[in-house]
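Below is one structure; the comments refer to it alone.
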4 protein chains.
Amino acid sequence: MKKNKPKYMQIIEAAVEVIAENGYHASQVSKIAKKAGVADGTIYLYFKNKEDILVSVFNEKMGQFIDQIVYSTSDRQDANEKLLTLITMHFRQLASDHHLAVVTQLELRQSNKQLRMKINEVLKPYLVVIDNIIREGIKEGIFRDDLNIPLVRQMIFGTLDETVTNWVMKDQKYDLVGQSPDVHALITNGLSVKKR
Amino acid sequence: MKKNKPKYMQIIEAAVEVIAENGYHASQVSKIAKKAGVADGTIYLYFKNKEDILVSVFNEKMGQFIDQIVYSTSDRQDANEKLLTLITMHFRQLASDHHLAVVTQLELRQSNKQLRMKINEVLKPYLVVIDNIIREGIKEGIFRDDLNIPLVRQMIFGTLDETVTNWVMKDQKYDLVGQSPDVHALITNGLSVKKR
Amino acid sequence: MKKNKPKYMQIIEAAVEVIAENGYHASQVSKIAKKAGVADGTIYLYFKNKEDILVSVFNEKMGQFIDQIVYSTSDRQDANEKLLTLITMHFRQLASDHHLAVVTQLELRQSNKQLRMKINEVLKPYLVVIDNIIREGIKEGIFRDDLNIPLVRQMIFGTLDETVTNWVMKDQKYDLVGQSPDVHALITNGLSVKKR
Amino acid sequence: MKKNKPKYMQIIEAAVEVIAENGYHASQVSKIAKKAGVADGTIYLYFKNKEDILVSVFNEKMGQFIDQIVYSTSDRQDANEKLLTLITMHFRQLASDHHLAVVTQLELRQSNKQLRMKINEVLKPYLVVIDNIIREGIKEGIFRDDLNIPLVRQMIFGTLDETVTNWVMKDQKYDLVGQSPDVHALITNGLSVKKR
DNA sequence: TATGAATGAGGGTTCATTCAT
DNA sequence: TATGAATGAACCCTCATTCAT
């Protein structure tokens with residue numbers, strides 16, 4: 001397994017840094033090789049081509065990201081708590097790694113459709129986690145039972161994603177994690193004044 | 001005003017088609033010229049450079065898009081109705097122009113940071129419309145008065161954007177406009193069971 | 001004859017200015033047309049192509065230049081006086097028209113071999129004037145009778161040309177005409193200490 | 001040092017040939033690469049850009065040219081002998097390399113002002129050699145002591161340059177080196193009949 | 001495994017010239 | 001004569017990928 005060789009992760013880490021610093025389009029393979037401390041040709045012993053590096057970056061980094069969220073939400077008691085944890089973890093992980101935030105929110109989106117399809121594959125387990133929380137909430141009688149689950153999932157993911165992207169575009173100048181409760185409240189309660 | 005010359009819009013329309021068909025990065029100026037039925041050099045009588053074509057595509061197309069929404073929401077009675085109209089119009093307009101949907105949701109996002117900043121400028125009036133609806137709703141006593149408006153705007157825009165993107169990525173196979181009421185309900189009521 | 005029409009000289013003058021200000025390679029036909037106050041297409045009613053403009057610039061301007069020298073040297077008494085006059089006139093005319101100096105010494109030399117052949121044709125009458133002065137000097141017993149006339153002509157023209165070019169390259173900061181006597185002395189007496 | 005790599009000189013030599021054969025403006029990088037037997041991209045491993053190729057051509061070729069002259073004039077006894085040697089070497093070197101003669105006398109002059117400034121830098125050591133010979137001649141009592149040295153240098157260089165250019169323009173049909181003594185005599189004695 | 005020199009395809013842009021009015 | 005919008009050929013340079021060592 002190539003992933004166990006030290007140079008594999010070395011190149012992945014270099015790629016994240018290079019992309020974060022230079023932007024997607026100015027991230028030449030030779031720059032990544034230099035930052036990783038290997039020869040250009042060595043890259044191709046570990047990755048099929050440039051796109052493969054980028055997909056792998058997303059695989060590795062989002063894999064950890066999702067694992068963290070899955071782990072953190074597994075022992076919470078109800079769906080509401082789990083949802084808040086998911087939001088908080090989503091924000092916290094990206095807030096704690098600025099390079100990764102820039103790369104996932106801005107740079108990797110500049111890839112072509114084909115690459116984004118592969119990236120979406122990586123995201124699927126995350127979306128499943130969201131779906132499960134919704135289902136649990138319905139079962140627990142906390143969430144309405146007429147929810148269109150894919151739609152809810154899109155709302156949740158879209159909201160989180162847009163919030164992080166705005167924060168990155170504003171140069172990460174404010175506290176992202178601090179917004180978790182508000183975002184959670186919005187998602188669970190909506191805009192409307194509560195009916196008594 | 002160049003915009004009144006027929007070739008200007010001819011090139012814009014050709015650009016939308018070429019980008020939708022070939023993807024952002026495979027959209028050579030020469031392809032756009034050919035599709036528009038003009039010589040390569042003619043492009044540069046109407047646009048400063050390639051980026052200018054792309055920004056102009058967005059300007060023109062999103063300009064109309066936003067104008068439609070502003071117009072449609074201007075005579076509604078309350079914020080709730082306006083919000084539903086906004087959602088419906090957002091979906092309807094993109095659903096009725098598949099090329100435009102592909103270009104705005106997938107292709108133009110592949111541009112670099114600088115170009116995306118310009119694109120965001122164009123979007124600002126739309127975000128203002130959303131903000132105003134929220135404020136009206138609060139004033140009317142329909143929406144909660146403790147709402148963090150930028151956050152709410154991000155939720156609304158993020159939800160709509162993610163929903164459209166998913167629909168485009170799924171090859172636009174289902175009815176997008178039909179989801180408007182559900183999306184509206186989600187945004188106004190949230191996930192939770194109503195307290196009595 | 002096109003040369004008698006006012007626009008012909010208008011374009012020539014515009015060309016000199018544009019070339020002097022922008023340099024040979026940045027002198028587009030459209031710039032010359034604009035400066036001359038005519039449409040691009042009008043240029044082609046008076047000149048066959050761009051090269052024809054440039055050759056004509058040289059024709060007209062050097063024609064006057066040479067006429068002046070021919071006229072000024074025609075009534076001098078001996079070859080020595082004529083040579084001094086030629087040198088002085090050569091320097092004076094270029095010193096009094098900075099645009100022309102830049103154009104003849106720097107910019108027009110950037111043209112290709114073919115154009116430079118045509119330019120050399122224009123220069124021929126000037127070289128004949130030099131030859132004649134040398135022959136007169138020999139006949140008058142002022143100049144040595146073993147002179148290789150083409151070589152002497154090259155020395156004279158080369159010296160004048162190099163002197164003017166240096167002056168132009170040094171941004172015309174010193175007095176060129178004041179060097180005439182020294183240059184004349186050098187050409188007639190050479191470097192050596194006079195034998196008694 | 002790139003200059004030690006064989007491809008560097010290979011490309012320089014190819015550039016001289018291509019420029020001599022096609023002229024400055026028709027010398028595409030791809031033509032030079034083809035003649036040098038390398039890929040287009042390889043050029044850019046050794047040169048920053050096209051202009052850098054041209055400056056380097058001049059550097060290398062004129063560098064050798066000047067070195068030869070410096071070396072040959074270093075062991076002569078008096079300034080007169082040195083001057084004759086300089087003239088002879090100047091002519092001999094260009095006469096023995098027709099391509100180089102065309103490139104230096106005709107083609108490289110078609111470059112823009114900026115490039116010509118760089119070329120002039122390369123020539124400076126040659127002009128210093130001329131200056132030194134003049135000064136020596138004055139010190140030795142062979143040359144007049146009232147000489148304006150920059151002017152003399154311009155005369156000498158202008159004469160040699162014009163002579164070579166004429167020879168190149170006449171398709172190098174006559175013996176250039178054979179003219180050295182005559183040119184030397186002209187420069188040292190001038191046109192005038194010697195006063196006894 | 002590792003290297004890094006070499007490859008060569010690909011595209012945005014300029015500008016001299018034309019021609020319908 | 002005069003216009004100026006339209007044309008389209010031409011070229012430098014980058015960079016992902018290969019392969020001899």
Side-chain angles (χ1 to χ4, degrees), chain A residues 2 5-8 11 25-34 36-54, chain B residues 2 5-8 11 25-34 36-54, chain C residues 2 5-8 11 25-34 36-54, chain D residues 2 5-8 10-11 25-34 36-53:
Chain A
K2 278 175 181 170
K5 310 243 174 130
K7 293 207 175 160
Y8 177 85
I11 293 167
H25 285 115
S27 294
Q28 298 88 338
V29 172
S30 60
K31 257 186 203 157
I32 297 174
K34 197 170 188 180
V38 302
D40 292 18
T42 305
I43 298 269
Y44 291 86
L45 299 175
Y46 293 90
F47 300 91
K48 220 171 75 250
N49 50 33
K50 187 180 180 182
E51 180 175 313
D52 189 27
I53 308 176
L54 302 172
Chain B
K2 277 176 179 168
K5 307 216 179 158
K7 299 219 166 148
Y8 177 85
I11 293 166
H25 286 114
S27 293
Q28 298 93 331
V29 171
S30 60
K31 261 186 200 157
I32 297 174
K34 199 169 190 180
V38 301
D40 291 17
T42 304
I43 299 271
Y44 292 88
L45 298 176
Y46 295 90
F47 301 90
K48 228 173 64 250
N49 50 35
K50 189 181 179 182
E51 178 175 317
D52 189 28
I53 307 176
L54 302 172
Chain C
K2 279 173 179 170
K5 310 241 174 131
K7 295 208 173 159
Y8 177 86
I11 293 166
H25 285 114
S27 295
Q28 297 90 335
V29 171
S30 60
K31 257 187 203 157
I32 297 174
K34 196 170 190 181
V38 301
D40 293 16
T42 304
I43 297 270
Y44 291 86
L45 299 175
Y46 294 90
F47 300 90
K48 222 171 74 250
N49 51 34
K50 188 180 179 181
E51 179 176 315
D52 189 27
I53 308 175
L54 302 172
Chain D
K2 276 176 180 169
K5 307 215 180 158
K7 300 222 164 145
Y8 178 86
Q10 211 169 307
I11 293 166
H25 285 114
S27 293
Q28 298 92 331
V29 171
S30 60
K31 262 187 200 157
I32 297 174
K34 199 169 188 179
V38 301
D40 291 18
T42 304
I43 298 270
Y44 293 88
L45 297 176
Y46 296 90
F47 301 91
K48 228 172 64 248
N49 50 35
K50 189 182 178 181
E51 177 176 316
D52 189 28
I53 308 177

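First the proteins, then the strands, lettered A, B, ... as listed; each starts at 1. What you see below is based on every heavy atom in this structure, not just the backbone, and it leaves out hydrogens, waters and symmetry mates.
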Whole angstrom value for the distance that separates [atom2] of [N] from [atom1] of [X]:
X       : N      : atom1 : atom2 : result
B/Phe47 : E/dT14 : CZ    : C1'   : 18 Å
C/Ile11 : F/dA2  : CD1   : C1'   : 11 Å
B/Lys31 : E/dG10 : NZ    : P     : 11 Å
D/Ile53 : F/dC12 : CD1   : C1'   : 10 Å

Pick from C/Ile11, C/Val38, C/Asp40: which one makes a side chain to side chain contact (heavy atoms under 4.5 Å, CB included) with C/Ile32?
C/Ile11

Should the ring pair A/Phe47 and A/Tyr8 be called parallel, tilted or perpendicular, given that the plane angle runs from 0 to 90° and is split at 30 and 60?
parallel

F/dA5 phosphate, OP1 or OP2, under 4.0 Å from B/Tyr46 side-chain N/O:
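Looking at the OP1 and OP2 atoms of F/dA5, neither is under 4.0 Å from any side-chain N or O of B/Tyr46.
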
Heavy-atom closest pair, residues C/Tyr44 and C/Asn49:
CE2-CA, 3.9 Å

Drop me the distance from A/Asp52's CG to A/Lys50's NZ, to the nearest 0.5 angstrom.
13.0 Å

Rounded to the nearest 0.5 Å, what's the gap from OG on B/Ser27 to CG on B/Leu54? Could you check?
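Between B/Ser27 OG and B/Leu54 CG, I get 7.5 Å after rounding to 0.5 Å.
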
Mind pulling the stems DNA chain E is in, i.e. runs of at least three Watson-Crick or G-U pairs, everything under 3.5 Å?
E:2-21 with F:2-21

Using heavy atoms to find the nearest nucleotide of DNA chain F for B/Ala39 and C/Gly37 separately, return the residue whose nucleotide is more 5′.
C/Gly37

My understanding is that only residues two or more places apart in sequence, or in another chain, count here; which of them pass side chain to side chain contact (heavy atoms under 4.5 Å, CB included) with D/Lys31?
D/Val18, D/Asn22, D/Ala26, D/Gln28

Can you give one letter per nucleotide of nucleotides 13-19 of chain F, going 5' to 3': B for a protein heavy atom under 4.0 Å from the base, S for sugar-phosphate only, - for none?
BBSSBB-

B/Lys7, nearest nucleotide to its side chain (from E/dG8, F/dT3, F/dA6)
F/dA6

